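Structure first, commentary second.
So you know, we letter chains A, B, ... as the sequences are listed, proteins then strands, and number each from 1. All figures in this text were calculated on a predicted structure; none of them were measured in a lab.
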Protein chains: 2
Amino acid sequence: MRSMPDDRTTRAVIRDEALRLFAAHGHDGVTIRQIATAAGVSPGLVVHHFRSKDNLRQEVDQHVLAVFEGLLGELTTDGGTAGLPGPGPTAASSISETFLRHLPVGSPLPAYLRMLLLSDTDAGRGLFRRLYVMSCQLLDGLADAGAASRGRDPGVRAALLLVNDLSVFLLRDQLTAVLGVDPLSAAGLARLGPELLSIYAGGLNAEPPTPEPSRPEPPAPEAEGGQA
Amino acid sequence: MRSMPDDRTTRAVIRDEALRLFAAHGHDGVTIRQIATAAGVSPGLVVHHFRSKDNLRQEVDQHVLAVFEGLLGELTTDGGTAGLPGPGPTAASSISETFLRHLPVGSPLPAYLRMLLLSDTDAGRGLFRRLYVMSCQLLDGLADAGAASRGRDPGVRAALLLVNDLSVFLLRDQLTAVLGVDPLSAAGLARLGPELLSIYAGGLNAEPPTPEPSRPEPPAPEAEGGQA
DNA sequence: CAGCAGACTAAACGCTCGTTCAGCCTCCTG
DNA sequence: CAGGAGGCTGAACGAGCGTTTAGTCTGCTG
């Protein structure tokens with residue numbers, strides 16, 4: 001090893017490149033040879049460090065879930081609604097948003113978690129269950145604080161709040177193409193947040209505070225459409 | 001051809017089996033040999049009828065989208081909110097629900113559309129754009145009827161309503177595992193619908209009409225209990 | 001200095017993939 | 001009845017896959 005540009009071991013480099021590629025193309029869409037090339041090593045070395053491709057997949061899964069849990073720990077010790085000056089319901093819509101704010105911008109972690117959630121694996125089901133429990137606790141907290149009602153069926157309401165939050169996450173690219181702005185970027189959140197907040201605060205019939213009676217515009221959603 | 005159990009041509013049988021398998025496992029998760037076996041023919045015949053696997057994929061895509069458009073035509077001529085006696089906002093939450101009611105129960109079409117939406121292909125992007133335009137028109141109609149407000153940013157509000165509707169669709173299996181009932185079955189809709197309607201009608205703070213102040217239930221969603 | 005352990009590579013194995021090819025059988029037509 | 005067209009099969013090809021193996025290099029240790 002003549003020159004090591006970073007302080008990660010070769011094993012960690014392979015793991016990180018596998019993470020990045022898995023996140024982008026899914027577990028089955030990536031070959032050991034691609035991972036090896038991305039990490040700058042030979043395919044044999046990947047198998048030398050991790051016993052097999054399936055074992056590498058499991059190890060990356062565990063690593064991602066561990067980082068995720070660690071991040072969750074930070075967020076709860078910080079205080080769930082810290083940093084947001086708005087009223088209660090904000091927290092309900094910020095599970096993924098708060099999560100993203102604590103990650104480097106180019107991190108492959110969100111995409112990996114998205115892939116896991118959609119992957120029909122035990123890891124994905126466990127992750128969703130984890131998020132569901134969190135959503136239940138969050139709704140319970142909001143209800144105790146008087147910021148929200150538990151509704152007729154609290155378990156269902158918590159599930160709805162969760163999947164609605166995740167939908168922006170899962171359809172991020174599609175929304176970007178249609179709205180002209182990444183919904184999870186700062187600019188996107190500035191546009192999406194108030195609208196979602198308005199619905200959660202007063203339902204679909206509540207009137208918008210700012211007097212701008214512009215119509216919805218079905219056509220011309222193309223890139224960077226500078227609409228209202 | 002000694003005995004043909006149905007009136008479809010062999011070509012149509014291959015196409016339908018490809019549709020079913022693609023819907024379940026994605027385009028890259030299915031081999032020509034699997035499709036051939038499912039259709040009861042040899043792999044060579046699949047290539048004989050469709051020039052290549054990629055061409056078969058495109059043809060199945062087109063077929064699915066054509067059926068989808070046909071169904072959309074039926075729904076709009078039937079009248080958008082027909083069959084639903086509830087108030088206005090019902091229609092906003094029933095794009096996928098109304099859609100599903102017009103399909104045979106075991107139809108692979110929903111799963112195929114889900115896969116397309118998540119597939120990062122031109123077909124998927126076109127489908128989402130189509131749904132977005134529909135959502136914009138639907139919000140516009142609701143607003144004209146006084147059933148909903150266009151909000152501060154109608155384009156964003158329409159997008160949010162769409163992705164929230166789609167989220168139940170995309171996470172159907174995960175919700176089934178957690179709630180113990182398929183959210184898109186009749187029983188599931190009976191549980192989910194009122195809750196969503198309540199949020200859309202009055203926001204998160206509106207009190208439920210039935211006096212059942214039970215707590216949200218984080219534990220015991222279905223089979224085996226929660227982890228760390 | 002001898003030798004062992006571990007990081008690492010290059011080559012090759014067996015397998016499955018999409019695709020091709022030669023040929024059979026069964027109609028339909030002249 | 002001759003003959004061509006098309007549905008259809010089984011075998012085979014080349015490429016790429018995950019994995020195995022043999023062997024090289026390097027640094028540590030006795």
Side-chain angles (χ1 to χ4, degrees), chain A residues 1-63 112 115 119-123, chain B residues 1-63 112 115 119-123:
Chain A
M1 231 167 285
R2 294 121 225 282
S3 65
M4 186 114 74
D6 55 38
D7 56 351
R8 288 131 80 214
T9 63
T10 304
R11 192 176 196 280
V13 171
I14 295 174
R15 195 236 296 123
D16 289 349
E17 290 301 319
L19 198 165
R20 193 176 55 83
L21 289 168
F22 283 156
H25 307 105
H27 290 133
D28 294 335
V30 179
T31 70
I32 286 189
R33 284 168 171 84
Q34 287 176 303
I35 296 170
T37 300
V41 300
S42 69
L45 190 62
V46 176
V47 184
H48 172 74
H49 279 300
F50 308 85
R51 264 188 328 106
S52 64
K53 183 185 177 183
D54 192 71
N55 193 66
L56 170 59
R57 202 209 76 219
Q58 288 179 237
E59 208 150 314
V60 174
D61 278 5
Q62 276 184 260
H63 176 70
Y112 199 96
M115 182 213 68
S119 69
D120 190 35
T121 61
D122 284 336
Chain B
M1 237 167 284
R2 295 122 220 281
S3 65
M4 186 113 76
D6 55 38
D7 56 350
R8 288 131 81 215
T9 64
T10 303
R11 193 178 195 278
V13 170
I14 295 174
R15 195 237 293 126
D16 290 349
E17 290 301 318
L19 198 165
R20 193 176 55 82
L21 289 169
F22 282 157
H25 308 105
H27 291 133
D28 295 336
V30 179
T31 69
I32 286 189
R33 283 169 173 83
Q34 287 176 303
I35 296 170
T37 300
V41 300
S42 69
L45 190 63
V46 176
V47 185
H48 172 75
H49 279 300
F50 308 85
R51 261 186 332 105
S52 64
K53 183 186 176 182
D54 191 72
N55 193 65
L56 169 59
R57 203 209 75 221
Q58 286 178 240
E59 209 150 313
V60 174
D61 278 5
Q62 275 183 260
H63 175 70
Y112 199 96
M115 182 213 69
S119 69
D120 190 36
T121 61
D122 284 335

Next item on the list: With sequence neighbours excluded, tell me which residues meet side chain to side chain contact (heavy atoms under 4.5 Å, CB included) with V47(A).
Entry: I32(A)
Notebook entry, point to check: Rounded to the nearest 0.5 Å, how far apart are CG of L45(B) and OG1 of T10(B)?
Noted result: 7.0 Å
Item checked: Distance, rounded to the nearest Å, where K53(A) contributes NZ and dC15(C) contributes P -> 19 Å
Next item on the list: Give the rounded distance in Å between these two atoms: CZ of R51(B) and P of dG6(D).
Entry: 17 Å
Next item on the list: Send over the distance from D54(B) CG to dC17(C) C1', rounded to a whole Å.
Entry: 15 Å
Next item on the list: Specify the residues of residues 16-25 of chain B, ordered by number, for which at least one heavy atom lies under 4.0 angstrom from an atom of DNA chain D.
Entry: none
Margin query: In whole Å, I'd like the distance from the NE2 atom of H49(A) to the C1' atom of dA5(C).
Written below: 13 Å
Using the 3.5 Å cut-off, write out each protein N or O paired with an N or O of nucleotides 22-24 of chain C and the distance between them.
none

Margin query: I want to check something: taking the side chain as every heavy atom from C-beta on, are L56(A) and I35(A) in contact at a cut-off of under 4.5 Å?
Written below: yes
Notebook entry, point to check: Can you name the side-chain hydrogen bond (donor to acceptor under 3.5 Å, both in side chains) partners of T121(B), sequence neighbours left out?
Noted result: S119(B)
Notebook entry, point to check: By side-chain hydrogen bond (donor to acceptor under 3.5 Å, both in side chains), which residues pair with D120(B), not counting sequence neighbours?
Noted result: R125(B)
Strictly under 3.5 Å: I want the nitrogen or oxygen pairs between protein and nucleotides 9-14 of chain C, one per line.
| from | atom 1 | to | atom 2 | distance (Å) |
| --- | --- | --- | --- | --- |
| dT9(C) | OP2 | S42(A) | N | 2.8 |
| dT9(C) | OP2 | S42(A) | OG | 2.8 |

Next item on the list: Scan for ring-ring contact (aromatic ring centres under 6.0 Å, His included) pairs involving residues 34-55 of chain A, sequence neighbours excluded, and state none if there are none.
Entry: none
Item checked: Whole-Å gap separating C1' (dT16(C)) and CG (D28(A)) -> 14 Å
Next item on the list: Identify whether any heavy atom of V46(B) sits under 4.0 Å from a base atom; if not, whether one sits that close to sugar-phosphate; answer base, sugar-phosphate or nothing.
Entry: nothing
Item checked: Pairs flagged by salt bridge (charged side-chain N to carboxylate O under 4.0 Å, His left out) wherever residues 26-54 of chain B is involved - sequence neighbours left out -> D54(B)-R57(B)
Notebook entry, point to check: dG16(D) phosphate, OP1 or OP2: any side-chain N/O from T31(A) under 4.0 angstrom?
Noted result: no
Check: To the nearest Å, how far apart are Q34(B) CD and dC17(C) P?
Finding: 7 Å
Check: Measuring from D61(A):CG to L19(A):CG, what's the distance to the nearest 0.5 Å?
Finding: 9.0 Å
Margin query: Listing request: all salt bridge (charged side-chain N to carboxylate O under 4.0 Å, His left out) pairs with a residue in residues 10-24 of chain B, at least two apart in sequence or in separate chains.
Written below: R8(B)-D16(B), R11(B)-E59(B), E17(B)-R20(B)
Checklist line | Listed nucleotide nearest any side-chain atom of T10(B), set dA7(C), dG18(D), dC8(D) | finding: dC8(D)
Checklist line | Residues in ring pair (Phe, Tyr, Trp, His ring centres under 6.0 Å) contact with H27(A), at least two apart in sequence or another chain | finding: F22(A), Y112(A)
